[in-house]
Amino acid sequence: MTIDIEKLREDLKEECLGAFYGGGFGGALMESFDIENASPEELVEMAGKMALT
């Protein structure tokens, strides 16, 4: 399986920003900054954690 890391990065950022603007969850904005600087391995890990919540 091949993962498009930049697409994953953008999708995770959109998810976090949606939580921030739509739900007022301030931590999501900070997490969106972490996503910008995350390594490919960290992005996959973040995506896995988001899928569980």
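FYI, side chains are in, hydrogens and waters are out, and symmetry mates aren't considered; it's all heavy atoms of this structure.
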Item checked: Partners passing salt bridge (Lys or Arg N to Asp or Glu O under 4.0 Å) against Glu45 (at least two apart in sequence or in another chain) ->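 Checked Glu45 against salt bridge (Lys or Arg N to Asp or Glu O under 4.0 Å); matches are Lys49.
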Determine all donor-acceptor pairs shorter than 3.5 Å in which one atom belongs to a side chain in residues 23-43; sequence neighbours excluded.
unit_1 : atom_1 : unit_2 : atom_2 : d
Ser32  : OG     : Leu29  : O      : 2.6
Glu36  : OE2    : Lys13  : NZ     : 2.4
Asn37  : ND2    : Phe33  : O      : 3.4
Ser39  : OG     : Glu41  : OE1    : 3.4
Ser39  : OG     : Glu42  : N      : 3.2
Ser39  : OG     : Glu42  : OE1    : 3.4
Glu42  : OE1    : Ser39  : N      : 2.7

Margin query: Ignoring hydrogens, what is the shortest heavy-atom contact between Leu8 and Ala47? Give both atom names and the distance.
Written below: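 Heavy-atom minimum between the residues: CD1-CB, 3.9 Å.
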Check: Got a sec, which residues hit side-chain hydrogen bond (donor to acceptor under 3.5 Å, both in side chains) with Glu10, two or more places apart in sequence or on another chain?
Finding: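 Expected list: none.
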